[in-house]
Asker: 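Encoded as structure tokens, here's the structure I'll be asking about.
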Amino acid sequence: MPKNSKVVKRELDDEVIESVKDLLSNEDSADDAFKKSELVVDVPEEKDTDVVERSEVKDERPAWNSKLQYILAQVGFSVGLGNVWRFPYLCQKNGGGAYLLPYLILLLVIGIPLFFLELSVGQRIRRGSIGVWNYISPQLGGIGFASCVVCFFVALYYNVIIGWSLFYFSQSFQQPLPWDQCPLVKNTSHTFVEPECEKSSATTYYWYREALNISSSISESGGLNWKMTICLLAAWVVVCLAMIKGIQSSGKIMYFSSLFPYVVLICFLIRALLLNGSVDGIRHMFTPELEIMLEPKVWREAAAQVFFALGLGFGGVIAFSSYNKRDNNCHFDAVLVSFINFFTSILATLVVFAVLGFKANVINEKCIAENSEMIIKLVKMGNISQDIIPHHINFSAITAEDYDLVYDIIQKVKEEEFPELHLNACQIEDELNKAVQGTGLAFIAFTEAMTHFPASPFWSVMFFLMLVNLGLGSMFGTIEGIITPVVDTFKVRKEILTVICCLLAFCIGLIFVQRSGNYFVTMFDDYSATLPLLIVVILENIAVSFVYGIDKFMEDLKDMLGFAPNRYYYYMWKYVSPLMLLSLLIASIVNMGLSPPGYNAWMEDKASEKFLSYPTWGMVICISLMVLAVLPIPVVFIIRRCNLIDDSSGNLASVTYKRGRVLKEPINLEGDDASLIHGKISSEMSSPNFGKNIYRKQSGSPTLDTAPNGRYGIGYLMADMPDMPESDL
């Protein structure tokens, strides 16, 4: 070797080192962004927050502070007023305890699988309903817009119910309660009981006349009810303040709004069980009538209740889950929330019928006392012989059993003359069989029962505060189903959008606080959500199972969760759930066609309800509500199918991130690149291969490469764009 060989070698090494330094120093900013983007795809999560260390690229999407906060949000959204005033009614109407079996079966067949599906797509793609369905299938992107429209319609009237509850809550701080007795009317000569109240009841009169001041038909607006207008404004202010910072503000409120109803329900149950007649109500409730289970109507109503109880199709479930970590076990969440919802319905049913049993017992005792006095008069008048009355009967302290005995004896002895005696049987079951639901249960039957409670104002305050919290929990999810997709898609400020949304909803909601407003609430409740939501969820199921591909979706779930979901979900999503949903849709359409469109109007002169048909303009509104709710689906499909909007102008097919900024990009759902889940931790990733599916070439963009989905399901920008200013991104 030459003497100076070491020197030559050192000089060569220095040249190589200098060359590498030159290369590194000449790297442009796009290459730097390239490396940082690669880090984001490959680096595993190490913290609960969505901030990736060792990278300047941060996800600006908010996250739940804890898993408990998220679960409470989902529970608060799914557990609503329907659990308290709809489920008990259906249970009583459809066979008592026997109704629980079809409900549980349908919860397993429809409820949990579809709830799991919505949680999965929201968590993986980390977008609201618009972004999720745009990503899965741009042509079916109208599903997300339809969900937003339905959410808006429901929010309009649902907050009115919260306003009613706020009014009753504000009036509960009185002793006695203002609906305890009928009001007296004074004139120049004498004082008498209000006729409308005397013909109905104190609580019925207070609801229709004092609270709603209701008109006799939907055509008679009667002007605004100022008391309810103020309550509606207060309700929207509460919702706006709670939602203005998104989950950062509403999440903290969930600890109270979701847990407080359970405290109240348990307190009510314990208190009711200590009252006479409560056990009779519970026994009546859960006495099974097995023959009713064979009726198709029972299964249809059970399926509808499962469907709406979990909030499927609204977009709130997707919106809440989109703030989760990628590796969150959403399967566990789906099962947990579904069964919490089910057992909440059971708890509410126990409470409702324990209280109604007590109310029925009070009314029955009053009936027995009145009829006992009548029997004494008939005995004195000689219409009934004293000899037929058993000697042990003491009419001054007669029991229900003794009265039944006397009633049966008189009925047998005075067989032909009995109808002329005008005696009542006074059976507690007759009172319990009077099925009530909705506002009739909450604002009439339950309020009447509470007037007989010791310390009735306290229980009234607790009850209506519970209704307010149940309503707010559902409202948060409903508004989140509007705000999150719009913010994700159009990149507007959440605070401004929330204020505008609430202000607009309040202005439109003034139609519900007219004197005829209750009839519009009935109209919106019947027509704005039922059929549109069924159509939305059917298309969601089809989009995942058949458009995206159920096999690919199952692989995605395995990659995301770390384990393969039970094969049960495969068959539910692909075969059973679509068929069940289509059957439910057809049955609902048939039922809607057979039921005359109308409403129950309150007749002031008769102090009773009368069924009236909607006028022509009312039918136009009903049809318009259904059409407007589903219209985005065909409109978006036609626009994208026929390419009526140029992709170069930007579409909503997918979203790509670079340095926390958003780019719109055409989507490519070919081969494995369409998979929702590709981002893996570094230990699972193979070495970068530029020719394989580590990068995805976008059609129409020869210089633009993106990571296939990356950490957030939709890919970080990996582009060489030295001439494009950062602001354009």
Side-chain angles (χ1 to χ4, degrees), residues 85 164-216 225-228 231 268 271-272 274-278 281 352 354-374 396 424 426 428 430-432 434 436 438-467 515 518 600 602-609:
W85 67 30
W164 294 342
S165 302
L166 284 173
F167 173 77
Y168 268 80
F169 172 74
S170 67
Q171 298 298 308
S172 297
F173 296 91
Q174 303 179 43
Q175 177 66 34
L177 292 169
W179 50 82
D180 185 41
Q181 294 179 350
C182 286
L184 299 177
V185 179
K186 295 181 181 180
N187 59 17
T188 55
S189 58
H190 62 286
T191 302
F192 57 93
V193 177
E194 171 65 48
E196 185 181 3
C197 184
E198 191 174 22
K199 293 176 184 177
S200 53
S201 68
T203 52
T204 304
Y205 172 81
Y206 191 86
W207 166 242
Y208 284 114
R209 190 56 51 214
E210 295 293 336
L212 300 181
N213 193 20
I214 200 165
S215 62
S216 298
N225 180 340
W226 66 269
K227 291 181 290 188
M228 289 305 169
C231 291
F268 259 100
R271 184 67 188 93
L274 299 176
L275 299 171
N276 292 331
S278 59
V352 166
V355 173
L356 293 183
F358 163 69
K359 170 177 170 278
N361 185 70
V362 171
I363 294 175
N364 196 57
E365 288 178 353
K366 184 179 179 181
C367 175
I368 291 174
E370 292 175 351
N371 282 268
S372 296
E373 292 179 3
M374 193 179 298
S396 61
N424 294 318
C426 296
I428 196 170
D430 295 337
E431 188 66 30
L432 288 170
K434 295 178 181 178
V436 288
T439 55
L441 174 63
F443 299 108
I444 298 177
F446 220 87
T447 50
E448 182 178 348
M450 286 187 296
T451 59
H452 302 292
F453 275 32
S456 54
F458 168 76
W459 294 104
S460 183
V461 168
M462 294 283 283
F463 176 71
F464 289 110
L465 187 57
M466 177 191 74
L467 290 187
R515 291 184 59 196
N518 188 44
N600 289 318
W602 179 255
M603 301 289 106
E604 182 177 358
D605 53 342
K606 298 178 181 179
S608 62
E609 289 183 335

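The model shown is predicted, which means the values in this text are computed figures rather than measured ones.
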Asker: Walk me through it: do Tyr208 and Glu609 pass the test side chain to side chain contact (heavy atoms under 4.5 Å, CB included)?
Answerer: CA-CA 10 Å; Tyr208 284 114; Glu609 289 183 335; 2.3 Å; yes
Asker: Would you confirm whether the ring centroid of Phe463 sits within less than 6.0 angstrom of the ring centroid of Tyr168?
Answerer: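 So the answer is no for these two rings.
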Asker: Once rounded to the nearest 0.5 Å, what's the spacing between atom CG of Asp605 and atom NZ of Lys199?
Answerer: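 The distance works out to 6.5 Å.
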Asker: If every non-hydrogen atom of Pro183 is compared with every non-hydrogen atom of Cys197, which pair is closest and at what distance?
Answerer: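 Here Pro183 and Cys197 meet closest at CD-SG, 4.0 Å.
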Asker: Pick one: which of Trp85, Phe464, Phe268, Trp459 meets ring pair (Phe, Tyr, Trp, His ring centres under 6.0 Å) with Phe446?
Answerer: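 It is Phe268, the one option of Trp85, Phe464, Phe268, Trp459 that forms the ring pair (Phe, Tyr, Trp, His ring centres under 6.0 Å) with Phe446.
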Asker: Can you see which heavy atom on Trp179 is nearest to which on Ser460, and at what distance?
Answerer: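 For Trp179 and Ser460, the tightest heavy-atom pair comes out as CZ2-OG, 3.3 Å.
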Asker: At their closest point, which heavy atom of Ile363 faces which heavy atom of Glu448, and how far apart are they?
Answerer: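 Minimum heavy-atom separation between Ile363 and Glu448: CD1-OE2, 4.0 Å.
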Asker: Can you see which heavy atom on Thr447 is nearest to which on Ile444, and at what distance?
Answerer: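 Closest approach of Thr447 to Ile444: OG1-O, 2.9 Å.
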Asker: Using only atom types and a distance under 3.5 Å, with no angle test, would you say the side chain of Asn424 pairs donor to acceptor with the backbone of Cys426?
Answerer: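 Side chain of Asn424 to backbone of Cys426, a donor-acceptor pair under 3.5 Å: no, none is there.
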Asker: Verify side chain to side chain contact (heavy atoms under 4.5 Å, CB included) between Trp207 and Trp164, making sure each step is shown before the conclusion.
Answerer: CA-CA 10 Å; Trp207 166 242; Trp164 294 342; 3.6 Å; yes
Asker: Using modelled atom types only, decide if a donor and an acceptor are shared between the side chain of Lys227 and the backbone of Glu210 within a distance under 3.5 Å.
Answerer: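 Pair found, side chain donor or acceptor close to backbone of Glu210.
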Asker: Check the orientation of His190 and Phe192. Use parallel for under 30°, tilted for 30 to 60°, and perpendicular for over 60°.
Answerer: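 Aromatic pair His190/Phe192 classed tilted.
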Asker: Decide yes or no on side chain to side chain contact (heavy atoms under 4.5 Å, CB included) for Leu275 and Phe453, but give the supporting numbers first.
Answerer: CA-CA 9 Å; Leu275 299 171; Phe453 275 32; 3.6 Å; yes
Asker: Check whether Asn213 reaches the backbone of Arg515 with its side chain - one donor and one acceptor, N or O, closer than 3.5 Å.
Answerer: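 No, the answer is negative, given that no donor and acceptor are paired below the 3.5 Å cut-off.
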Asker: For the side chain of Asn364 and the backbone of Ala360, is there at least one donor-acceptor N/O pair under 3.5 Å apart?
Answerer: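 Absent.
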Asker: Going from OG on Ser608 to CD on Glu196, what distance comes out if it is rounded to the nearest 0.5 angstrom?
Answerer: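 Ser608 OG to Glu196 CD: 10.0 Å, rounded to 0.5 Å.
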Asker: Give, for atom OG of Ser372 and atom CD of Glu365, the distance between the pair rounded to the nearest 0.5 Å.
Answerer: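 Reported to 0.5 Å precision, the distance equals 11.5 Å.
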Asker: Would you name the heavy atoms of Leu356 and Leu432 that are closest together and state the gap between them?
Answerer: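 Looks like O-CD2, 3.8 Å.
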Asker: How far does CG of Asn518 sit from CD1 of Ile214, to the nearest 0.5 angstrom?
Answerer: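 That separation rounds to 4.5 Å.
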Asker: When you measure from the side chain of Asn361 to the backbone of Ile428, do you find a donor-acceptor pair of N or O atoms at a distance under 3.5 Å?
Answerer: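 Answer holds: no.
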Asker: Shortest non-hydrogen contact from Val193 to Glu198?
Answerer: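 Closest approach of Val193 to Glu198: CG1-CB, 4.0 Å.
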Asker: Yes or no on side chain to side chain contact (heavy atoms under 4.5 Å, CB included) for Ser200 and Trp602, after CA distance, side-chain angles and deciding distance?
Answerer: CA-CA 11 Å; Ser200 53; Trp602 179 255; 4.1 Å; yes
